[in-house]
Each structure stands twice: as structure tokens, then as C-alpha cells.
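A quick write-up on the structure given underneath.
Note that the coordinates shown come from a computational prediction; the quantities given were computed from them, not determined experimentally. In what follows, chains carry the letters A, B, and so on, assigned in the order in which the sequence lines appear, proteins first and then strands, with residues in each chain numbered from 1.
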There are 2 protein chains.
Amino acid sequence: MMPQTVPRPTAGAARCKRCILHARCLPLGLERDALQSFDAILQLPRPLKRGETLVRQGDPFTSLYVVRSGSLKQSLVQGGRRGQVLNFYLAGEIVGLDGIGEQRYHSSVVALEATFVCKLPFTRLEDLAERVPGLRGQLYRCMSRELRNDQRMLCLLSGRTAEQRLASFLIGLSERFRSRGCSPYRFHLSMSRSDIASYLGLVLETVSRTLARFQEQGMLSVSGRELVIHDHEALSMLAREGVSGGCRLAPQSD
Amino acid sequence: MMPQTVPRPTAGAARCKRCILHARCLPLGLERDALQSFDAILQLPRPLKRGETLVRQGDPFTSLYVVRSGSLKQSLVQGGRRGQVLNFYLAGEIVGLDGIGEQRYHSSVVALEATFVCKLPFTRLEDLAERVPGLRGQLYRCMSRELRNDQRMLCLLSGRTAEQRLASFLIGLSERFRSRGCSPYRFHLSMSRSDIASYLGLVLETVSRTLARFQEQGMLSVSGRELVIHDHEALSMLAREGVSGGCRLAPQSD
DNA sequence: CGAGGTGTTGAATCAAGTCAAGTTTCGTGG
DNA sequence: CCACGAAACTTGACTTGATTCAACACCTCG
């Protein structure tokens with residue numbers, strides 16, 4: 001039987017060396033000594049309840065957080081609008097990077113389910129990074145990964161159909177679960193339809209309808225938040241490209 | 001008379017200390033010594049012709065570039081699609097940050113007009129950053145600014161009308177020109193309508209029509225790529241919020 | 001002067017949004 | 001444990017803003 005959710009951390013085990021996320025977390029590739037120093041600044045996993053806020057937009061920036069288990073959503077309030085969902089964070093991902101550089105968190109992050117996070121006070125992390133080039137590199141890598149991620153999102157939101165957006169989203173999730181050792185074909189959506197809609201620049205009715213259509217076409221089954229992907233191939237085809245062969249080419253200036 | 005384009009660098013003047021961009025460039029806030037070391041790794045401004053490629057998506061990452069004068073567009077090719085425009089760079093902005101962390105540039109950057117850039121070999125920059133905390137901070141700050149910028153774009157592309165997108169874009173440009181000492185009310189668009197369209201997730205016809213509508217309403221005048229903003233207030237109102245008071249609130253889970 | 005890139009404008013179409021009921025699910029407290 | 005109410009989700013009918021397709025105007029440059 002395949003695990004349907006991300007594995008829980010062994011209770012109380014804060015040391016990175018034994019952490020199941022070792023391979024995909026920030027201290028990846030650190031030497032034995034450096035890893036111990038890293039361990040020393042890392043604070044014990046903190047439990048968050050569903051709906052609990054980890055960082056609040058505008059609050060002073062103090063720490064990065066690594067998701068140990070569970071999931072969160074990042075959202076941004078601008079103007080009169082309700083929070084635009086910018087990202088979902090799964091185990092091993094880093095929360096708070098957009099706060100570096102300003103003194104404040106630029107967005108809010110809220111737990112979508114029971115969630116554990118490890119806290120990394122940034123000043124201490126920076127001190128350590130000063131002495132450990134590998135860690136500095138990892139930090140850059142994380143930020144630039146986030147950058148690339150946002151850029152992928154920009155492409156997705158720019159002139160793609162609802163079907164393509166949703167397919168992309170599901171395939172993306174699927175891959176992330178796969179790389180965490182969970183089934184890429186059967187998983188639980190910890191976010192609401194309206195979170196997904198906001199993330200994809202749609203309204204929740206459209207998400208609902210599009211999921212229904214995918215189900216009719218036999219590509220997947222959804223029941224509430226339980227998802228089973230039947231035709232991963234078809235779905236990722238949709239995600240990668242326009243379904244109808246005709247990708248209309250914008251005239252390239254130059 | 002107000003300058004209509006970004007000031008040109010004094011020919012051959014590579015030294016940062018005398019550079020007009022001093023106040024908004026990477027070495028901002030560096031000590032005298034650090035600034036000299038920075039100068040030492042910085043390569044002389046290189047001229048680019050309109051349409052010339054500065055970095056090509058997928059090429060090995062070697063350097064960051066600072067725009068000295070002129071402008072460029074960043075674009076990303078994914079799947080079968082033609083380049084999605086991700087960003088426009090003006091004087092003082094840093095090109096190439098998304099390449100840090102991977103060994104490759106993640107997107108292409110092309111000059112929109114005659115443009116000068118200063119080259120910053122990254123390994124040398126990193127060496128220097130190791131010794132100069134202020135520079136490290138600046139690097140973080142730049143990356144996190146880029147992150148925040150992309151996030152603003154995500155909000156913009158997510159369920160805003162063509163009018164709001166275009167207004168946002170124009171106001172954004174206006175502010176950028178203002179902060180560079182150029183007129184925020186009268187400037188030249190170095191990018192084509194189709195570049196703007198791609199950037200805003202629209203088709204070029206829509207950009208053209210929307211500009212025409214703005215002009216009818218007396219908010220601005222356009223003639224080709226020359227733009228005059230008559231009613232900055234109205235435009236930024238449009239940019240900030242839905243024009244019709246009704247910002248429909250998505251039900252917030254939590 | 002003609003060609004090609006760039007921009008404008010019009011008419012028709014359609015995908016997604018809006019509004020409006022419903023139904024299901026879930027959490028809380030009796 | 002059940003009942004209740006509030007969220008969350010689904011579905012349908014209708015509207016609309018943006019895209020598509022198409023024709024044409026403009027400007028620059030060889």
C-alpha cells in the first residue's frame with residue numbers, strides 16, 4: 001500500500017542527520033562539522049494546527065522555516081483584494097525567503113493541515129553561512145529555485161486555459177509527491193478549491209467544473225479532496241502544451 | 001525640459017564611484033575599500049545593439065550584468081510556446097539572478113534598444129561577498145526584490161482585467177522612470193505592443209485597443225511608442241484596484 | 001518605391017466569470 | 001453519538017471581456 005500523505009517526522013527528532021528530509025532540505029551536502037553547527041541553530045519542530053498562521057505579511061523578518069511535515073499556503077494581500085495564493089509548501093521546502101533583504105515578510109503563510117516546521121533564525125544562519133560556503137550556495141540555490149518557480153507560474157497564468165492550468169498544477173503536485181516517496185497517482189489535496197482557484201487565477205466554480213470534466217474524460221477521479229490520477233500521460237500532455245495542436249505563435253520582435 | 005530617456009553613461013567611465021547609477025546599483029552602501037574591490041571585478045560597459053542577446057536561456061551561468069543604460073527584456077521559452085516575456089530591465093537593474101544556483105541561465109535577455117551593461121563575473125563577486133558582508137546583503141536584497149516583483153506580477157495576472165493590467169504596467173514604468181530622474185509623465189516605450197501583451201498575458205490587439213480606450217478617456221496619449229500620461233491619478237487608481245467598487249471577496253478558508 | 005515589420009480597427013466567437021440554487025462535508029456542542 | 005449550522009463544493013443558466021480572424025494603415029529602410 002502506498003503512503004497517501006507525506007511521512008511524519010519521528011516525534012522530537014530535531015537532528016538533521018537522522019531527518020528523513022535530509023536529502024532535500026537546506027543543509028544538503030554539508031560536511032559533518034557544518035551539519036552539526038547547522039543543527040545547533042535549528043529549533044525544534046513546532047506544531048501548527050490547520051489554519052494557524054506561521055508568518056504574517058508585514059511582520060518583521062526573523063527566521064526562515066523548513067517544512068518538516070504537512071503543508072502550507074503562501075498568500076499576499078494587495079489593495080482591496082482578498083489574499084492571492086502564491087504558493088503551496090510541502091515537506092522539505094523553505095518558507096520566508098521573500099522576507100530576506102527587506103526587514104519584513106512580504107506575504108503570509110498559513111498551515112493547511114496539521115504541520116511541523118523547523119525554525120531557522122536568519123542572523124544565526126547568516127553567521128554560519130559566512131563560514132560555510134556550501135551553505136551559502138544552498139541559500140542562493142533555494143532563492144533562485146523560488147525565482148524559477150514563480151517564473152513558471154507567470155508562464156502558466158499568461159494565456160493558458162483553465163484545463164492547462166489545472167493539469168499543470170496536478171502534475172506539479174504529483175511530481176512533488178513522487179520525489180518525496182509518496183504515490184504520484186493517489187494523494188490528498190490539503191487545499192480548498194478556492195485556494196487552488198486563487199493560485200491558478202481562476203474562480204472556484206471553474207476549478208470544480210474542470211475537475212469534473214477531467215473525471216468525465218477518465219483522466220482522474222476526485223472525491224472531495226482525494227485524488228486519483230488514471231492517465232498521467234494525458235494530463236501531463238495537457239500541462240505541457242496546448243491541447244489542440246495549434247500553439248499560436250506571437251510574432252517575435254527580432 | 002525633462003529628459004525622455006534614461007541618461008547615457010559617460011563613455012568609458014567604468015568606475016562605480018562616479019557612476020550616475022551609484023545610488024540604485026548593486027554596490028550601494030559599500031565602504032570605500034569594498035567599492036574599489038568591486039570596481040576591480042567589474043568589467044567595462046559593453047554596448048549591445050537593439051535585438052542583441054545578452055544571455056541565452058540554457059547557457060552556462062557565468063556572470064550577472066548591471067544595466068548601465070538602455071533596456072532589455074527577459075523571456076522564457078517553454079514547451080512549444082514562443083517566448084513569454086517575464087520582465088523588462090531598466091538602468092541600474094540586475095540581469096541574470098535566476099541563473100545563480102543552477103549552472104545555467106534560466107531565461108534569455110535581449111536588448112530592446114542600444115544598451116550598455118556592466119559585467120560581473122559571479123565567482124569573483126562571490127569571493128568578494130565572502131569578505132564583504134554588505135555586498136552579500138545587497139545580493140540577497142536583489143534576489144528577494146526580484147522575488148517580490150514576480151509575486152506582484154502573479155497577482156496582476158491572476159484575474160485582473162486588461163485595463164487593470166495595462167494601467168499597472170504603465171504606472172510601474174512611470175514610477176521606475178521617476179526614480180531614475182526621468183519624467184514619469186512622458187516617456188518612450190522601448191518594447192513592442194506584442195512584448196507588452198506577452199508580459200501582461202494578453203494578445204497584442206487587446207493592448208492596442210486598451211491603449212486606444214485610455215486615450216479616448218483622456219487619461220493618456222500614445223503615438224507609436226511615445227507615451228504621455230495626462231491623468232496619473234486615474235491610471236494608478238485603475239492599477240491599484242478594480243475600477244468598479246465591487247472587489248468580489250473569495251471566501252477565505254480559515 | 002516596395003517589402004516587411006509594426007500597429008490599428010472591426011466583427012464574430014468562445015472560454016471563463018457571474019449569479020443563483022442546491023448538495024455534501026465537516027466541526028461543534030448538546 | 002447525533003443534530004445542527006456553517007463551510008465547502010457542485011451544477012446550471014446567462015453574460016461578458018478577451019481572443020481570434022481578417023483587413024488595412026503606417027513607417028522605416030534598403
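- Put simply, CZ on B:R225 is 14 Å from C1' on C:dT8, counting in whole angstrom units.
- Under a cut-off of 6.0 angstrom, the local environment of CZ in B:R50 is sparse, with at most 12 non-hydrogen atoms contributed by other residues, nucleotides or ligands.
- The nearest whole Å value for the distance from the CG atom in A:L157 to the C1' atom in C:dA15 is 16 Å.
- Candidate nucleotides C:dG17, C:dA20, D:dC9 were compared by shortest atom distance to the side chain of A:E205, and C:dA20 ranks first.
- Ion pairing of B:R178 with B:E175 is present here, as a side-chain N (NZ or NE/NH1/NH2) and a carboxylate O approach within less than 4.0 Å.
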Kindly indicate, with the supporting measurements, whether the criterion salt bridge (charged side-chain N to carboxylate O under 4.0 Å, His left out) is fulfilled by A:R145 and A:E93.
CA-CA 11 Å; A:R145 190 187 311 145; A:E93 295 172 342; over 6 Å; no
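- Two residues, A:G224 and A:R165, neighbour DNA chain C, and the one matched to the more 5' nucleotide by heavy-atom proximity is A:R165.
- Taking the side chain of B:S192 as heavy atoms from C-beta on, and the options D:dT11, D:dC9, C:dG7, the nearest nucleotide is C:dG7.
- Projected onto DNA chain D by closest heavy-atom contact, A:A212 and A:G159 fall at different nucleotides, the more 5' of which corresponds to A:A212.
- Comparing C:dT9, D:dT19, C:dA20 against the side chain of B:T206 picks out D:dT19 as the nearest.
- Between D:dC9, C:dT9, C:dA20, one nucleotide has an atom nearer to the side chain of A:S208 than all others, and that is D:dC9.
- Of all nucleotides listed (C:dT9, D:dA18, C:dT18), C:dT18 comes nearest to the side chain of A:R209.
- Other residues, nucleotides and ligands contribute over 12 non-hydrogen atoms within 6.0 Å of the CZ atom of B:R104.
- Which of C:dG17, C:dA16, D:dA8 sits closest to the side chain of A:A162 comes down to C:dA16.
- Looking only at side-chain heavy atoms (C-beta outward), A:M153 and B:D150 stay at 4.5 Å or farther from each other.
- Put simply, CG on A:D195 is 15 Å from P on D:dA7, counting in whole angstrom units.
- Here the C1' atom of nucleotide C:dC26 and the CD atom of A:E226 are 14 Å apart, to the nearest Å.
- Note: CG (B:L200) to P (D:dG17) measures 18 Å, nearest angstrom.
- With D:dA18, C:dG7, D:dC9 as the candidates, the nucleotide lying closest to the side chain of B:R193 is C:dG7.
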